[in-house]
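Have a look at the structure below before the remarks.
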Amino acid sequence: MMRFIYIIFLAIFCFSCSSIRKASSINNILISYESGSCYGKCEVYKFNLNENKTIEYESLKNAEITGKYRAEISVYDFKEINKLIDGLDLKSLDTVYTSNSTDLHLRVLNLKQKKLNKKILLLDNVPFELKQIENKVFYIIEKYKSNFLREL
């Protein structure tokens, strides 16, 4: 009986630790960016910049490389993108930027600023500050593509 209780306790402990690990890895994402498809040849991918200065890139469609990749970015690039995020007033930003156009390339930007997280859908009429962050994401992807380590 005691052995059975010990096994149950051990199973609960292991399960709770794995849940904490998964939750903490989600909380370590500073920026996530998803580029969706369009009627043309838009590149479809997902990008995460983590607080430990690593990026995760998953190319899904219309890209030079496909698959999941990781890389580490420089302290300088990390500080630059952090400055852009810190300069935002996340509370005042809308959650959707759109127009009446029918063929818009949907992008989803998730930002973390201190304890505040904001998900923003980008279609058109995007404010300058958010375009700067998008451009920095593009820059980081291009700069570090040659350093990508393929995930299996």
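Residue numbers start at 1 and run along the sequence shown. Just the heavy atoms: all of them, side chains too, but no hydrogens, waters or symmetry mates, feed the values below.
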Give a yes or no answer on whether the side chain of [X] reaches the backbone of [Y] with a donor-acceptor pair at less than 3.5 Å.
| X | Y | value |
| --- | --- | --- |
| Glu129 | Leu84 | no |
| Asn28 | Asn50 | no |
| Gln113 | Ile85 | yes |
| Asp124 | Ser99 | no |
| Tyr144 | Ser74 | yes |
| Ser59 | Ile65 | yes |
| His105 | Ser37 | no |
| Asn52 | Thr54 | yes |

Give, for atom [atom1] of [X] and atom [atom2] of [Y], the distance between the pair rounded to the nearest 0.5 Å.
| X | Y | atom1 | atom2 | value |
| --- | --- | --- | --- | --- |
| Ser32 | Leu111 | OG | CG | 8.0 Å |
| Leu93 | Leu109 | CG | CG | 9.5 Å |
| Tyr97 | Leu130 | OH | CG | 5.5 Å |

Report, as yes or no, whether the 6.0 Å neighbourhood of atom NZ on Lys131 holds more than 12 heavy atoms from other residues, nucleotides or ligands.
yes
Ion pair [X]/[Y], N-O distance below 4.0 Å:
| X | Y | answer |
| --- | --- | --- |
| Lys46 | Glu56 | no |
| Glu43 | Lys61 | no |
| Asp77 | Lys53 | no |

What is the minimum heavy-atom distance between Asp94 and Lys118, and which atoms define it?
O-CE, 4.0 Å
Parallel, tilted or perpendicular: rings of Tyr69 and Phe148 (30°, 60°)
parallel
Chi angles and distances behind the salt bridge (charged side-chain N to carboxylate O under 4.0 Å, His left out) call for Arg107, Glu34
CA-CA 5 Å; Arg107 289 108 53 223; Glu34 294 181 36; over 6 Å; no
Assess, by modelled atom type and distance only, whether the side chains of Asn110 and Tyr33 contain a donor and an acceptor separated by less than 3.5 Å.
no
